[in-house]
Every structure is written in C-alpha cells, then in structure tokens.
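Below is one structure; the comments refer to it alone.
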Amino acid sequence: HVQLVESGEGSVQAGGSLRLSCAASGFTFSTSCMGWFRRAPGKEREGVAAIYVRYPAGNSYYADSVKGRFTISLDSAKNTLFLQMNSLKPEDTAMYFCAAGSHCSSSALNHWGQGTQVTVS
C-alpha cells in the first residue's frame with residue numbers, strides 16, 4: 001500500500017520561497033508518476049505539478065499558474081518528491097497534497113498524502 005507523507009508546511013511573505021517534501025513508501029512497479037495538488041479554502045482541488053518516475057523518468061509538467069516559479073523534482077534513491085516554490089503569491093495559499101499513481105493524470109493519481117498547509121501573506 002502506497003504511503004505518502006508531506007512535510008515543509010509554513011507561512012511566508014509574498015515573494016518568498018518554500019520547499020515541500022513528500023516521503024513515499026510501498027510503491028509497486030505500476031507506480032509511474034508522482035505529483036502535487038492543492039486546495040484553497042472554498043475552491044476545488046487543482047493540479048500543480050507532476051513528474052514521471054519512469055516511462056519516461058524525469059519528464060515534468062506544470063500548471064500555467066506556477067510555471068517559472070515552482071519546480072518539481074524526485075530523488076528516486078530516497079523515494080522522496082519535492083516541490084520548490086519561489087516567488088510565492090497570496091493566491092498560492094492552500095493545502096498541498098502529494099499524490100502518486102500509474103500515470104500523470106488526475107484520475108490515475110489515486111494515492112494521496114495527508115496534506116501540508118502553505119500560507120502566503
């Protein structure tokens with residue numbers, strides 16, 4: 001059973017930076033993608049970024065709202081996913097969730113962490 005544990009929650013000023021981490025365990029051969037979603041108060045969950053663990057490993061994707069500011073990366077040896085967030089804006093305030101699955105798509109990312117809060121003021 002895939003387990004995902006996020007860390008790196010924090011409160012920062014606009015323009016600041018923060019890095020989130022996600023420690024993963026219980027992967028199977030079918031686990032090919034990991035990503036980040038976020039949910040702001042009163043809003044639906046939205047995809048932030050995703051990266052292929054394999055086939056093809058390293059390929060990454062970003063929401064238009066975070067391109068150029070956020071970077072997703074994966075330390076495969078440690079099974080740890082990262083999200084480096086720079087130039088943060090108040091609208092980035094949300095609960096951020098780590099996810100994993102067989103493909104980099106919303107329907108396939110069916111394993112979720114508990115979430116970590118990011119607040120930008």
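Keep in mind that the numbers below use all heavy atoms, side chains included, and drop hydrogens, waters and symmetry copies. Numbers here simply count residues along the sequence, with the first being 1.
For Leu81 against Cys98, the heavy-atom pair with the smallest separation is CD2-SG, 3.8 Å. For the residue pair Ala100 and Val2, the shortest heavy atom distance occurs at CB-CG1, 4.5 Å. Heavy-atom minimum distance, Ala63 versus Gly47: CB-O, 3.5 Å. Between Arg45 and Ser106, the shortest heavy-atom contact is NH2-OG, 3.6 Å.
Expressed to the nearest 0.5 Å, how far CD of Gln13 lies from OG of Ser121 amounts to 4.0 Å. Distance check: Asn79 CG to Ser25 OG gives 8.0 Å after rounding to the nearest 0.5 Å. Atom OH in Tyr52 sits 8.0 Å away from atom CG in Asn59 (nearest 0.5 Å). To the nearest 0.5 angstrom, Ile72 atom CD1 is 7.5 Å from Cys104 atom SG. Distance check, rounded to the nearest 0.5 Å: CD of Glu9 to OG1 of Thr116 gives 4.0 Å. Between the CD atom of Gln84 and the OG atom of Ser73 there is a distance of 8.0 Å, given to the nearest 0.5 Å.
Hydrophobic cluster membership is shared by Tyr62 and Met34, with clusters built from Ile, Leu, Val, Met, Phe, Trp and Tyr side chains linked at under 4.5 angstrom. With hydrophobic clusters built from ILVMFWY side chains whose heavy atoms lie under 4.5 angstrom apart, Leu74 shares a cluster with Val66. Phe37 is not connected to Leu18 by any chain of hydrophobic side-chain contacts under 4.5 Å among Ile, Leu, Val, Met, Phe, Trp and Tyr, and they are in different clusters. Transitive grouping of hydrophobic side chains (ILVMFWY, heavy atoms separated by less than 4.5 Å) brings Phe27 and Ile51 into a common cluster. Residues Leu109 and Phe70 are members of separate hydrophobic clusters, defined by side-chain heavy-atom contacts under 4.5 angstrom among Ile, Leu, Val, Met, Phe, Trp and Tyr.
Electrostatic pairing of Asp92 and Lys89 does not count as a salt bridge here, judged by no charged N lying under 4.0 Å from a carboxylate O. Between Glu46 and Arg39 there is no salt bridge, since no side-chain N of the basic residue sits under 4.0 Å from a carboxylate O of the acidic one.
For Arg19 and Phe82, the positive end sits near the middle of the six-membered ring, less than 6.0 Å away and at most 45° from its axis. A cation-pi geometry, defined here as NZ or CZ lying under 6.0 Å from the six-membered ring centre and within 45° of its normal, does not hold between Arg38 and Tyr96.
Counting heavy atoms from C-beta on, the side chains of Val5 and Gln114 come closer than 4.5 Å. Looking at Leu83 and Thr71, their side chains never come closer than 4.5 Å, going by heavy atoms from C-beta outward.
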Evaluate the side-chain contact (heavy atoms from CB on, under 4.5 Å) criterion for residues Met85 and Leu20: first the C-alpha distance (whole Å), next the side-chain angles of each, then the deciding distance (0.1 Å), finally the verdict. CA-CA 8 Å; Met85 303 182 291; Leu20 305 182; 3.7 Å; yes
Take Thr80 and Asp75, measure what side chain to side chain donor-acceptor pair (under 3.5 Å) needs, and give me the verdict at the end. CA-CA 5 Å; Thr80 302; Asp75 185 337; over 6 Å; no
Arg54 and Ser32: side-chain contact (heavy atoms from CB on, under 4.5 Å), yes or no, with the steps? CA-CA 5 Å; Arg54 56 199 292 187; Ser32 299; 3.5 Å; yes
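Side-chain N or O atoms of Arg69 include one that pairs as donor or acceptor with a backbone N or O of Ser87 at under 3.5 Å. Panel note: side chain Thr93, backbone Glu91; no donor-acceptor pair is recorded below 3.5 Å.
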